[in-house]
Visitor: 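Sharing a structure, written as structure tokens. Questions coming.
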There are 2 protein chains.
Amino acid sequence: MAAPEGMFVLEGRPTAQLIADQLRELIVQGAFRPGQQVNESALASQLSTSRGPLREALQRLCQEGILVSKRNRGVFVLELSPDDVREIYAVREAVELAAANTLLGSEADQVADTCRELKGIIRSMAKQVAASDWQAIARLDMQFHTAFVSGTGNTRLIRIYETLAAESRMCILSLEVAYPRIDALVQEHQMILDLLEARDQSGLQNAIKRHMQKAVEDLTSEPEVSGITA
Amino acid sequence: MAAPEGMFVLEGRPTAQLIADQLRELIVQGAFRPGQQVNESALASQLSTSRGPLREALQRLCQEGILVSKRNRGVFVLELSPDDVREIYAVREAVELAAANTLLGSEADQVADTCRELKGIIRSMAKQVAASDWQAIARLDMQFHTAFVSGTGNTRLIRIYETLAAESRMCILSLEVAYPRIDALVQEHQMILDLLEARDQSGLQNAIKRHMQKAVEDLTSEPEVSGITA
DNA sequence: GATTCGACAATTGTTGACAATCTACAGTTC
DNA sequence: GAACTGTAGATTGTCAACAATTGTCGAATC
């Protein structure tokens, strides 16, 4: 039977996934430094659970690539090199281009729903830009792209992109001097939205490619990645 | 210091990953039926380990999407619907197109290495086609595409593709009547290799798209997915 | 005869304790 | 003084027992 009004199944999702989601959010918000070891006992008691479920959650994040596991050493927060940044944005470009093609090949009203959502995100983004809330801007930036990919309805593409979004936020976080081209940010997203609404395939593809290319340039131009210089 | 000749670190990779790799191989080989529940205790003793490490491995495979977890119910082998097949091959197309572009933009000798590997796989494939060893053909088929993507050196793209390869093998396995166009199989892969060597970008892209499209047609044309008819 | 309630069996979820491994530091030797 | 060895501490890896939930079978009731 369907859940009665106001009621819903208590924590229908498996525990390890719930913990993993919490942890992922903590990591992308910068609660752990890149390269830092994750202490199991400490984290377990902090999240008021036991080491068993926590370790299961850690394994999920290792599979995603946000954490790296070394045998008999423990798990560590991913350290992002410039090569990593290039990799991440290359895959993001591939996923978003595929999402763009899928969207343009789908029903008009389905695209309209996505556009409406994107419009709202851009509006929020403009507000946060005015307020200079970098943390919120980073979240909305990724929220925009995640919504874009979600519009395809392809659950595998969406899942892949969620990991990429988390890694991207880590990129932005690790080199704290984020968003040098703050004015262009809202404008670029608006252009992607416009081209999607106009159903301009080649224009949309080019806009996405440019968007990614500029992001990589911004993220890799700063040689120092907080402290250590190559 | 580097490991002396003939010596290497004993099982440098974490345990959960080792178990997960074993399990993935078992699943794609059809040791479990789609939708079947995975009994933790039984599997743990079968793999001569405990439930703890096994559960960690199961969580990894859940994250990949090969298994699905239901709270207080256990984990089950993924059941593939025709929609799943379309999803998987849509993502595969996206990844391989990106890989093709990356490869064509890289050094010539790097591409040559990949081509050499692909050539060897095609040769093995032709042998197995002659022997009608379907299991081996499926493995070599995915080995070809995995090697193709590996040629890019993009570790994230490679990791994503490994999951897709596993799911693809499950697709082929679930509808056992595999490879109806057996003659075209070797030919299509050979064409992809030739176009890569010729550095024909648009030709290569079209070949990949056609290859994926035909695979989806083959895999979704059979209405019965072993038993249940829609 | 169909349905509902209750108890049982099986399986998962969680916890705590034990064993193995690694890093760091101190002591010893050359 | 430098390098090596041995020990101590901490942390991870593994295991077995306990608790909680789910699905099933059977009996009682309408």
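Reminder, nothing fancy here: chain letters follow the sequence lines and each chain counts from 1. These numbers come from a predicted model, not from an experiment.
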Visitor: Let's see if you can work this out: which of dT12(C), dG13(D), dT21(D) has an atom nearest to the side-chain heavy atoms of Ser41(B)?
Guide: dT12(C)
Visitor: Arg55(A) CZ to dT14(C) C1': how many Å, rounded?
Guide: 15 Å
Visitor: Would you call Arg24(B) and Glu64(B) a salt bridge, using N to O less than 4.0 angstrom?
Guide: yes
Visitor: Rounded to the nearest 0.5 Å, how far apart are CG of Leu78(A) and CD1 of Ile27(A)?
Guide: 9.5 Å
Visitor: Expressed in angstrom and rounded to an integer, what is the separation of Lys70(A) atom NZ from dG13(D) atom C1'?
Guide: 17 Å
Visitor: Below 4.0 angstrom from OP1 or OP2 of dT12(D), is there any side-chain N or O of Gln37(A)?
Guide: yes
Visitor: Does a side-chain N-to-carboxylate-O contact under 4.0 Å join Arg139(A) and Glu25(A)?
Guide: no
Visitor: Could you tell me how far apart Arg71(A) (CZ) and dG13(D) (P) are, to the nearest whole angstrom?
Guide: 8 Å
Visitor: Looking at the side chain of Ser50(A), which of dT14(D), dG16(C), dT21(C) is the nearest nucleotide?
Guide: dG16(C)
Visitor: Can a side chain N or O of Asn72(A) be found less than 4.0 Å away from OP1 or OP2 on dG13(D)?
Guide: no
Visitor: Is Val75(B) touching bases, backbone alone, or none of the nucleic acid, heavy atoms closer than 4.0 Å?
Guide: nothing
Visitor: Please determine whether a side-chain nitrogen or oxygen atom of Asn39(A) lies at a distance below 4.0 Å from atom OP1 or OP2 of dA10(D).
Guide: no
Visitor: Between Leu18(B) (CG) and dT14(D) (C1'), how many Å, whole number?
Guide: 15 Å
Visitor: For a quick check of understanding: with a heavy-atom distance under 4.0 Å over all strands, which category does Gly74(B) fall into, base, sugar-phosphate or nothing?
Guide: sugar-phosphate
Visitor: Take the protein atom CD of Gln17(A) and the nucleotide atom P of dG13(C), then report the distance between them rounded to whole Å.
Guide: 13 Å
Visitor: What integer distance in Å separates Leu54(A):CG from dG13(C):P?
Guide: 16 Å
Visitor: According to the interplanar angle, ranging from 0 to 90°, do the rings of His189(B) and His145(B) count as parallel (below 30°), tilted (30 to 60°) or perpendicular (above 60°)?
Guide: perpendicular
Visitor: Take atom CD of Gln59(A) and atom C1' of dG13(D), then tell me their distance rounded to the nearest Å.
Guide: 11 Å
Visitor: Rounded off to whole Å, could you give me the CD-to-P distance for the Glu56(A) and dG13(D) pair?
Guide: 14 Å
Visitor: For dT14(D), does OP1 or OP2 lie under 4.0 Å from any side-chain N or O of Thr15(B)?
Guide: yes
Visitor: Would you call Lys127(B) and Asp133(B) a salt bridge, using N to O less than 4.0 angstrom?
Guide: no
Visitor: Side chain of Glu40(B), heavy atoms from C-beta onward: which of dT11(D), dT15(C), dG13(C) has the nearest atom to it?
Guide: dG13(C)
Visitor: Counting side-chain heavy atoms from CB outward, which of dC15(D), dT11(D), dG13(C) is closest to Arg51(B)?
Guide: dG13(C)
Visitor: Tell me whether the OP1 or OP2 atom of dT12(C) has a side-chain N or O from Arg73(B) closer than 4.0 Å.
Guide: no
